[in-house]
*Asks:* 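Pasting in a structure now, in structure tokens, and then I'll have a few things to ask.
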Amino acid sequence: MNKLISSVSHHPGLWTQKAPNLSADWQQADINTIASTTQGQNELRQLAPQLAQLSQQGRWIVLISPANIGYKQMLAQAGVRMDRVLLVHAKDEVETLWAMEKALTSGTSSAVIGWTECLDSKDQRRLELVAKSARALGIVFENASAHSPSTSLNKDIEQQNLFSSLH
């Protein structure tokens, strides 16, 4: 009986404390969803200097289903190492979210940026769960025309808060 009790106390399911972060480079990050009327062009331009710094870490900057907004020139002009940019073309929204989840949690990316039409509550919840184990900066650009005006206004306010903290 004593042997059984002592083995139960070592069961991983009973551990409530997170494992310590062994490397400062592998940091947990949030996933930010931004409704954009420019397919993310203006937002990506603001984010480009931070992406340039992240590209120097030797990990990937992953772009998933990017809109045709001239992102290559924009990122190159900002100093992003283009040999560290990984481009993923997903066939649909489901594959886009799956690719984002894998890239965010793999530990090989420093930033993951995806473009989608509109996230429903199920997809947003999925991203919230992924954010708990994300090892990279995550950005989702949603098509703002797919939202109601009040939702777009709330997202624009959140977007301003996001980029004010990046500088």
*Asks:* Nearest 0.5 Å please: distance from the CD1 atom of I139 over to the OG atom of S36.
*Replies:* 11.5 Å
*Asks:* Just to verify, what does R84 make a salt bridge (Lys or Arg N to Asp or Glu O under 4.0 Å) with, not counting sequence neighbours?
*Replies:* none
*Asks:* Between A111 and L54, which heavy-atom pair has the shortest distance, and what is it?
*Replies:* CB-CD1, 4.0 Å
*Asks:* Run the side chain to side chain donor-acceptor pair (under 3.5 Å) test against T37 and tell me which residues pass, sequence neighbours left out.
*Replies:* none
*Asks:* Atom CG of L51 and atom CZ of R45: how far apart are they, to the nearest 0.5 Å?
*Replies:* 13.0 Å
*Asks:* Quick one: which of V140, T116, L86, V112 gives a side chain to side chain contact (heavy atoms under 4.5 Å, CB included) with I64?
*Replies:* V112
*Asks:* Rounded at 0.5 Å granularity, tell me how far CG in N32 sits from CG in L47.
*Replies:* 9.5 Å
*Asks:* Heavy atoms only: give me the nearest T108-R59 pair and the separation to one decimal.
*Replies:* O-CB, 3.3 Å
*Asks:* Can you give me the closest heavy-atom contact between T105 and S133, atom names plus distance?
*Replies:* CG2-OG, 3.4 Å
*Asks:* Can any side-chain N or O of E101 pair as donor or acceptor with the backbone N or O of V130 at less than 3.5 Å?
*Replies:* no
*Asks:* Donor-acceptor pair, E142 side chain versus L119 backbone, under 3.5 Å?
*Replies:* yes
*Asks:* Using only atom types and a distance under 3.5 Å, with no angle test, would you say the side chain of S65 pairs donor to acceptor with the backbone of A90?
*Replies:* yes
*Asks:* Looking at side-chain heavy atoms only, is the closest gap between R125 and L129 below 4.5 Å?
*Replies:* yes
*Asks:* Hey, could you give me the CD1/CG distance between I31 and L104, rounded to the nearest 0.5 Å?
*Replies:* 4.5 Å
*Asks:* Looking at CZ of R126 and CG of D120, how far apart are the two atoms once the value is rounded to the nearest 0.5 Å?
*Replies:* 10.5 Å
*Asks:* Please list, chain by chain and in numerical order, all residues satisfying salt bridge (Lys or Arg N to Asp or Glu O under 4.0 Å) with E95, sequence neighbours excluded.
*Replies:* none
*Asks:* Could I get the full list of salt bridge (Lys or Arg N to Asp or Glu O under 4.0 Å) partners for D83, not counting sequence neighbours?
*Replies:* R81
*Asks:* Which heavy-atom pair separates V85 from L63 by the least distance, and what is that distance?
*Replies:* CG1-CD1, 3.9 Å
*Asks:* Applying side chain to side chain donor-acceptor pair (under 3.5 Å), name anything that partners Q39, two or more places apart in sequence or on another chain.
*Replies:* none
*Asks:* By ring-ring contact (aromatic ring centres under 6.0 Å, His included), which residues pair with W115, not counting sequence neighbours?
*Replies:* F141
*Asks:* Between I61 and S110, is there a side-chain heavy-atom distance shorter than 4.5 Å?
*Replies:* yes
*Asks:* Heavy atoms only: give me the nearest A136-S109 pair and the separation to one decimal.
*Replies:* CB-O, 3.3 Å
*Asks:* Would L87 and W98 show up in the same hydrophobic cluster when neighbours are defined by side-chain heavy atoms closer than 4.5 Å?
*Replies:* no
*Asks:* Transitively linked via ILVMFWY side-chain contacts under 4.5 Å: M82 with L44?
*Replies:* yes
*Asks:* Using every non-hydrogen atom in the two residues, find where E43 and T38 come nearest and quote the distance to one decimal.
*Replies:* OE1-OG1, 3.4 Å
